[in-house]
Amino acid sequence: DVKVTQSSRYLVKRTGEKVFLECVQDMDHENMFWYRQDPGLGLRLIYFSYDVKMKEKGDIPEGYSVSREKKERFSLILESASTNQTSMYLCATSTGAEAFFGQGTRLTVV
Amino acid sequence: AQKITQTQPGMFVQEKEAVTLDCTYDTSDPSYGLFWYKQPSSGEMIFLIYQGSYDQQNATEGRYSLNFQKARKSANLVISASQLGDSAMYFCAMSPRRGATNKLIFGTGTLLAVQP
């Protein structure tokens with residue numbers, strides 16, 4: 001079974017902090033994604049990566065950056081956390097015909 | 001630009017009845033994949049069904065079937081014989097294909113409540 005693991009289930013951070021959300025997959029998938037999920041807005045794509053050190057902006061990249069130094073790990077970085085970044089963050093990996101999700105990280109910025 | 005539209009924010013269905021969840025999409029790519037996911041209150045995303053744009057037959061997986069109408073750009077999910085455990089949020093998604101890059105985009109979701 002494919003496993004996608006996010007480093008934290010719940011996080012509380014202060015405004016202005018630098019926040020790292022980590023995602024690790026145990027399959028050899030090229031494509032990895034970061035989404036945020038908010039009520040009524042569905043899943044919105046923040047960034048995705050189709051290979052090591054390769055990344056593309058999604059629909060809402062502002063305030064975020066990403067890092068993919070190894071194929072299995074894709075990190076989402078909030079350079080200076082703000083209260084409007086309070087949300088559920090989901091990492092996914094894809095073969096093209098199926099996507100596999102982590103359990104999600106509920107981030108609260110206070 | 002690619003877009004997925006789910007126009008039903010919420011729906012009710014009686015247990016054991018069939019229900020259709022609507023999904024329309026917009027893309028200029030000739031090759032793409034369509035997906036449905038279920039998200040129960042626990043938050044996990046559960047893959048239900050996949051349809052490729054060149055597939056001739058509608059996809060089916062147990063009680064789930066995808067009513068694919070390419071000319072109308074619709075990919076509705078049909079759940080037959082609803083069960084109480086089907087109560088969840090359902091998301092339609094699309095993956096336009098450009099070489100090796102499969103960007104996956106989602107609709108806003110439909111919350112399904114199955115009534116006994």
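This is a predicted model, so every value here is computed, not measured.
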Query raised in the report: Do we see a donor-acceptor contact under 3.5 Å between the side chains of A:S82 and A:N84?
Result: yes
Requested in this report: Check whether any side-chain heavy atom of B:L104 sits under 4.5 Å from a side-chain heavy atom of A:Y35, and report yes or no.
Outcome: yes
Query - Test: B:E44 and B:K38 ion pair at under 4.0 Å - result: no
Query raised in the report: Do B:E17 and B:S82 meet the criterion of a side-chain donor-acceptor pair at a distance under 3.5 Å?
Result: no
**Report entry** Proximal component of A:L45, with respect to chain B [non-hydrogen, under 4.5 Å]
**Finding:** side chain
Query - Contact origin within A:D38 toward chain B - heavy atom pairs under 4.5 Å - result: neither
Query raised in the report: Relative to chain A, which segment of B:Q39 carries a heavy atom at a distance below 4.5 Å: side chain, backbone, both, or neither?
Result: side chain
